[in-house]
Amino acid sequence: MKKCVVTVLGKDRVGIIARVCTYLADHKINILDINQTIVQDYFNMMMIVDVSGMEKNFGEVSRELEELGAEMGLNIHCQREEIFEKMHRL
């Protein structure tokens with residue numbers, strides 16, 4: 001299983017989770033864990049996803065998620081789990 005970390009940050013509004021999750025489902029990316037919070041009017045979501053079934057390459061999916069974020073006025077980033085762990089190791 002290949003895992004990635006997807007983060008979503010921006011001004012809260014209706015439909016954020018629906019649009020992001022629809023994109024993931026349409027591309028055969030399974031959500032393994034999800035955590036989301038809203039602080040005042042700001043939405044923050046972090047997901048661990050299984051990308052082993054996706055048909056596109058990682059770079060293409062990552063770029064499309066960033067484009068989806070830009071379209072929605074959000075920052076969406078997708079990182080491979082091993083890179084995320086190395087970046088956040090103390």
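The shown structure was predicted, so the numbers you read here are calculated from the model rather than taken from an experiment. Atoms considered below: every heavy atom in the structure, side chains included; atoms not considered: hydrogens, waters and symmetry mates.
Atom NZ of K28 has 12 or fewer heavy atoms from other residues, nucleotides or ligands within 6.0 Å.
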Does the side chain to side chain contact (heavy atoms under 4.5 Å, CB included) test come out yes or no for V61 and V51, once each step is laid out?
CA-CA 10 Å; V61 167; V51 295; over 6 Å; no
Going through the distances and angles, do F43 and K11 end up as a side chain to side chain contact (heavy atoms under 4.5 Å, CB included)?
CA-CA 6 Å; F43 178 87; K11 191 89 164 150; over 6 Å; no
If you apply the rule side chain to side chain contact (heavy atoms under 4.5 Å, CB included), what do you find for I34 with M45, and how did you get there?
CA-CA 7 Å; I34 185 171; M45 180 169 63; 3.5 Å; yes
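One finds the OG atom of S52 at 10.5 Å from the NZ atom of K3 (value rounded to the nearest 0.5 Å). A distance of 9.5 Å separates CG in D50 from CE in M54, rounded to the nearest 0.5 Å. In this structure, Q36 CD and T7 OG1 are separated by 14.0 Å, a value rounded to the nearest 0.5 Å. With values rounded to the nearest 0.5 angstrom, D26 atom CG is found 11.0 Å from E64 atom CD. Atom CD1 of I29 and atom CE of M47 lie 9.0 Å apart (nearest 0.5 Å).
Under the 4.5 Å side-chain heavy-atom criterion for ILVMFWY residues, no single connected hydrophobic cluster contains both I17 and L9.
Across N57 and G59, no two heavy atoms sit closer than the pair OD1-N, 3.1 Å. Shortest non-hydrogen contact noted between I38 and Q40 is CG2-O, 3.3 Å.
Take R13 and apply the salt bridge (charged side-chain N to carboxylate O under 4.0 Å, His left out) test, not counting sequence neighbours, and it matches no residue.
Looking at V49 and L32, their side chains never come closer than 4.5 Å, going by heavy atoms from C-beta outward. The shortest distance between side-chain heavy atoms of V5 and I48 falls below 4.5 Å.
Annotation: ring-ring contact (aromatic ring centres under 6.0 Å, His included) contacts involving residues 6-42, sequence neighbours excluded, comprise Y23-H27.
Judged by distance alone, with hydrogens and angles left aside, the side-chain atoms of T22 form a donor-acceptor pair with the main-chain N or O of A18 at under 3.5 Å.
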Validation: residues 67-78 side-chain donor-acceptor distances under 3.5 Å, sequence neighbours left out:
| unit_1 | atom_1 | unit_2 | atom_2 | d |
| --- | --- | --- | --- | --- |
| E67 | OE2 | R63 | NH1 | 3.1 |
| E71 | OE2 | R19 | NH2 | 2.4 |

